[in-house]
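Here's the structure, in structure tokens; my notes come after.
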2 protein chains.
Amino acid sequence: MILLGFSQNRSHFYFGETEADPLSESRKNKIAVEIYGRQYVIVGDESESHIRKVAAIVDEKMREMKSRNPSLDTAKLAVLTAVNAVHEYLKLQEEMEKYKYKKD
Amino acid sequence: MILLGFSQNRSHFYFGETEADPLSESRKNKIAVEIYGRQYVIVGDESESHIRKVAAIVDEKMREMKSRNPSLDTAKLAVLTAVNAVHEYLKLQEEMEKYKYKKD
């Protein structure tokens, strides 16, 4: 199982296994989730519901991709899920910039 | 090589290989990118610079994760990159909702 940490600084993240601070670590949420048939423990300051929501979205997107293209292996499915998630993020960021500009 | 399509509807995406419309497909950008040592062709209405930016971010995040946790295989690295990208997306979405609420 893997420990994945979400840092509070949104532009960075870290793995609990390698950068954990034992004192603050004990107060973090550690949530076991299943994504595309594999177990992960996600560690972070985020709420359990947020962590579960993120895992469920990734799982769903990977299954959706697999059903559309059954020949893809897990690594490629996950890379393309990441590609799409980053794409969505950048589009939302652009939208937010436009919105701010319009409102200001 | 894989054909990944970005649809114009931001809530969905599709693979060019399975859902391509041959007529509109010929007008789309087809960009070959390398992500974590594997070749992908990303097909979509987005600009070449946007597609390259997305691929570069995913590649960079996967390399960053690998350097922090060398034992992870490619599939897990990619899943965790997707997890983090979806996390960032949801946080930005929350931020945007708050911003809209404050402004209205």
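In what follows, every chain begins at residue 1, and chains take the letters A, B, ... in the order their sequences are listed.
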message = Could you check whether any side-chain N or O of A:Arg38 sits under 3.5 Å from a backbone N or O of B:Val79, counting only pairs where one atom can act as donor and the other as acceptor?
response =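 Side chain of A:Arg38 to backbone of B:Val79, a donor-acceptor pair under 3.5 Å: no, none is there.
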message = Using modelled atom types and a 3.5 Å cut-off, is there a donor and acceptor pairing between side-chain atoms of A:Lys30 and backbone atoms of A:Ile42?
response =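 Checking the backbone N and O of A:Ile42 against the side chain of A:Lys30, no donor-acceptor pair under 3.5 Å is found.
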key: Options B:Ile35, B:Val58, B:Thr74, ranked by heavy-atom pairs under 4.5 Å with chain A, top entry   =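 With the most close heavy-atom pairs to chain A, the winner is B:Val58.
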key: Heavy-atom closest contact (B:Thr81 atom, B:Lys61 atom, distance)   =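 Nearest pair, atom of B:Thr81 first, then B:Lys61: CG2-CB, 3.8 Å.
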message = Does any backbone or side-chain atom of A:Asp59 lie under 4.5 Å from a heavy atom of chain B? Answer side chain, backbone, both or neither.
response =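 Neither; nothing under 4.5 Å.
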ask   = Side chains of B:Ile57 and A:Leu90: closer than 4.5 Å at any heavy-atom pair?
value =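 SC-SC contact between B:Ile57 and A:Leu90 confirmed.
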message = Can you tell me which portion of B:Glu94 sits under 4.5 Å from chain A's heavy atoms? Options are side chain, backbone, both or neither.
response =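 For B:Glu94, the contact with chain A is made by the side chain alone.
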